Every structure is written in C-alpha cells, then in structure tokens.
Amino acid sequence: MSVPQTMMAWTKTEAREGGFEQIEHPVPKPAFGEVLIKTLSTSICGTDLHIWKWDDWSEENVPLGTITGHESCGEVVALGEGVTTHSIGDMVAIECHLACWSCPRCDEGNAHVCENGSIFGVHTNGAFAPYFTIQAVNARHVPAGLDSGHASIQDPLGNAIHTITGGPIEGATVAIHGLGPIGLFAVNAAKALGAKMVIGIDWDNTYRMELASKVGADLVLGKGDDIASRIFEATEGRGVDNSCEFSGSPVALSNCIRSTRLGGYVNVLSVYGQQEPNVPMNELVFRYLHLKGINGRKMWSTWDTMHELLEKGAIDVDAILTHRLPVSRFIEGIQLSSSGECGKVVLDF
Ligand SMILES: NC(=O)c1ccc[n+]([C@@H]2O[C@H](COP(=O)([O-])OP(=O)(O)OC[C@H]3O[C@@H](n4cnc5c(N)ncnc54)[C@H](O)[C@@H]3O)[C@@H](O)[C@H]2O)c1
Ligand SMILES: [Zn+2]
Ligand SMILES: [Zn+2]
C-alpha cells in the first residue's frame with residue numbers, strides 16, 4: 001500500500017474551549033520498535049471532552065499542536081526496525097498507556113502505572129488522524145473478524161473489566177455507579193462474567209438508564225431513589241459484594257461505601273473534579289471494605305479477558321456503541337458525547 005507524505009488531522013491548536021482544527025501534518029515514520037497504523041475507527045473518550053473544554057488538567061498535559069484521540073483500531077501499514085511481532089496488514093487496537101518496560105512497576109506487572117509512562121494521544125500525537133505511529137507492543141492484535149468500530153472501544157471496555165475484576169463477579173452481586181459508556185460496558189461485562197445480580201445507578205440520564213436495562217442490569221436506580229436503602233433491599237439487607245464507581249460524583253462514592261456488604265469490595269475508576277470527595281471513613285473501616293483505585297487496563301491480563309469475551313460475542317457492543325460518524329464530523333461527535341444523549345460515539349475513517 002502506498003502511504004502519502006502528508007495528512008489532514010484534528011489538532012488542538014488553541015488554548016480555549018473548542019480550539020480544534022483539521023490541519024496538515026507529515027505522515028509519521030515508524031521509529032525503532034514502532035509500527036505505522038492506517039486508522040480505521042477512533043472512538044471519543046471523556047478525556048477528549050476534557051481536552052475540548054481545555055480544563056486545568058488539559059492545559060498541564062496536552063501541548064498545543066497535538067493530534068489527540070487514543071481509542072483506536074487500524075491496520076499496520078509499515079514496520080519500524082526491529083519489529084518482529086507484527087506484519088503488514090495486521091488489524092490492531094491501541095493500548096494508550098505507553099510504558100518503559102524497565103522500571104520497578106513494569107517489572108512487577110503494573111506497566112499501566114509505569115513510573116516513566118505517558119499516554120498516546122494526550123502526551124504524544126494520537127489517532128484523530130488517518131495515520132499514526134506507536135510502539136508495536138501497544139498495538140494489540142484484534143480477535144479475528146471483529147468490526148473496526150467494535151475493536152476501537154477496547155480502551156473503555158478494558159477500563160470497565162479492570163474495575164469490576166477488582167472484586168468478585170461470578171455469582172456475586174455487583175453495583176455499577178455511573179452509567180456513562182464505561183459504566184454501561186461494566187454492566188454488560190459483569191453479566192457476561194456471571195454476576196448473579198447487577199444494579200445500575202445513574203443520576204438523571206434516562207437515555208443511559210434505559211440502555212443499562214437493555215444490556216443486562218437487573219435493577220436500575222436514579223436520583224429519585226434512596227440508593228443505599230434500595231441496594232440493601234435488593235440484597236437481603238446485606239449490601240452488594242462489589243461496588244464500582246464510574247460517575248465522578250463524590251455522592252456516588254459515598255453511596256458505594258455505604259451500600260457494600262461487610263468485607264466487600266469498592267473499586268473506583270472515576271476521576272473527581274475540583275471537589276475533593278468526602279469519604280465516610282468510619283463506614284469503610286467498620287464494614288472492613290477493600291477500597292481500590294483503578295487506572296487503565298492490566299497489560300495484558302485485562303486484554304486477554306476482554307478478547308475472550310469479544311470472541312464469544314458476550315459483549316453487546318452494538319447496543320452501547322450508539323453513534324458512528326465519519327471523522328469529518330469530529331466536532332458533531334464531540335458535541336454529541338458532551339450532551340450525554342448517547343452511549344459510545346465512534347468516528348470512522
Ligand atoms: N482511571 C482511569 O484510568 C480512567 C479512564 C477513563 C475514564 N475514567 C473516569 O471514569 C469515569 C467514567 O467515565 P465515562 O466516560 O463513562 O463517564 P461519563 O461522564 O460519560 O458518565 C458519568 C455518568 O455518571 C452519571 N452520574 C452523575 N452523578 C451521579 C451519581 N451521583 N450517581 C450515579 N451516577 C451519576 C452521569 O449522569 C453520567 O451518565 C469518569 O470519571 C472518567 O474521568 C478514568
Ligand atoms: Zn479513553
Ligand atoms: Zn516502567
């Protein structure tokens with residue numbers, strides 16, 4: 001396949017809300033150990049919305065002029081020197097945590113929190129572009145026959161699986177707080193992994209609450225409910241075995257801790273904004289809870305679990321992937337994602 005010299009790519013060019021332009025860049029050349037990917041699909045993540053809004057975190061982390069986008073699937077079209085794991089034509093999906101593979105965290109199997117880590121499409125040029133380069137190890141082979149849009153959402157699906165597997169699932173009662181795209185994947189994956197009961201909780205997003213029922217939630221609760229007492233009612237007064245927090249709301253974190261059974265598990269993927277959550281510590285202590293922060297995906301056990309589920313067709317990606325747009329409609333995709341009237345939004349190339 002002939003690769004062009006230049007490409008048009010969505011680029012954060014101005015330090016303000018919006019501030020994206022489609023501008024010309026050279027098509028990158030794969031360095032030692034890297035592959036060049038021709039993009040097929042890239043999905044929009046909450047992180048992309050932060051970069052769109054240009055909040056304090058974005059200003060500190062994203063250099064102006066960066067091509068963003070990190071949840072992607074594409075085809076290998078060139079190999080850098082030293083790459084033996086990939087061939088031209090391979091379909092791959094991206095793990096966005098770039099690791100050094102030689103620090104103590106990488107050595108112990110926690111490369112997702114590498115001491116020298118960075119994030120593809122945040123700290124480096126990413127995948128809202130027709131071509132990008134990445135370390136070969138981060139380009140994960142895709143289960144055979146998987147649609148590119150379905151392959152592109154493995155970053156958030158992997159987040160969901162990493163979070164729920166922080167506690168028991170098979171035969172367990174699981175509560176998913178926050179039914180954004182990641183929470184929806186968590187509801188669906190918890191059912192696929194054999195949860196006895198899954199309770200989905202949102203605040204007021206009825207579109208997503210309905211979707212949660214569709215993908216397997218046994219009970220869905222919202223702002224009109226006393227969350228903790230409804231969860232106790234549904235679990236013979238015990239509380240759930242495994243509470244997972246995907247909303248970013250301090251109230252939801254507190255609900256998680258108050259409605260988990262004695263000796264149970266609370267797994268938190270959420271990132272909290274300006275307001276530091278007020279954690280009911282005595283509940284946590286006297287209920288003997290295991291509280292765990294979750295970041296990224298385990299490299300590579302989360303990917304292995306995810307591939308098994310995708311290969312079996314156990315994840316209803318079609319239901320959660322509610323919108324697909326051509327990449328030319330990037331701005332509309334961002335606005336749709338911001339509105340919350342959607343599950344996952346994917347841009348196709
Ligand atoms: N740690 C990581 O590696 C990592 C990676 C990706 C995303 N995240 C974080 O995970 C979270 C989920 O991401 P997303 O894109 O699915 O989120 P999202 O913002 O699209 O969805 C959050 C949902 O929570 C709901 N909500 C608000 N208040 C609530 C409450 N009190 N109780 C229950 N639900 C409530 C909202 O209505 C919304 O539907 C975000 O906080 C995001 O920043 C963390
Ligand atoms: Zn993401
Ligand atoms: Zn490392």
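Both counts, for ligands and for their atoms, begin at 1 and track the order of listing. Hydrogens, waters and symmetry mates play no part in the numbers below; they use all other heavy atoms, side chains included. Treat the numbers as computed from the prediction; the structure is a model and nothing was measured.
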_Testing the 3.5 Å rule here: is there a donor-acceptor pair between the side chains of S72 and T39?_
no
*Are any of the N/O atoms in G296 less than 3.5 Å from those in ligand 1?*
yes
_Is atom 19 (O) of ligand 1 near the protein, in the sense that some protein heavy atom lies at less than 4.0 Å from it?_
no
*Could you list which atoms of ligand 1 come closer than 4.0 Å to a heavy atom of G180?*
16 (O), 20 (O), 21 (O), 23 (C), 39 (O)
*Among all protein heavy atoms, pick the one closest to atom 7 (C) of ligand 1 and tell me residue, atom and distance.*
I182 CD1, 3.5 Å
*Would you mind checking which non-hydrogen protein atom is closest to atom 42 (C) of ligand 1, with the distance to 0.1 Å?*
V271 N, 4.3 Å
*At what distance is the nearest protein heavy atom to atom 39 (O) of ligand 1, and which residue and atom is it?*
D202 OD1, 2.8 Å
_Less than 2.8 Å away from the Zn ion (ligand 2), how many protein N/O/S atoms can be counted, ignoring water?_
3
*Less than 3.5 Å between some nitrogen or oxygen of R208 and one of ligand 1, yes or no?*
yes
*Could you find the nearest protein heavy atom to atom 15 (O) of ligand 1 and give me its residue, atom name and distance?*
P181 CD, 4.1 Å
_If you measure every N or O of H177 against every N or O of ligand 1, does any of those distances drop under 3.5 Å?_
no
*Would you mind checking if K298 and D304 are paired as a salt bridge, meaning a charged N to carboxylate O distance below 4.0 Å?*
no
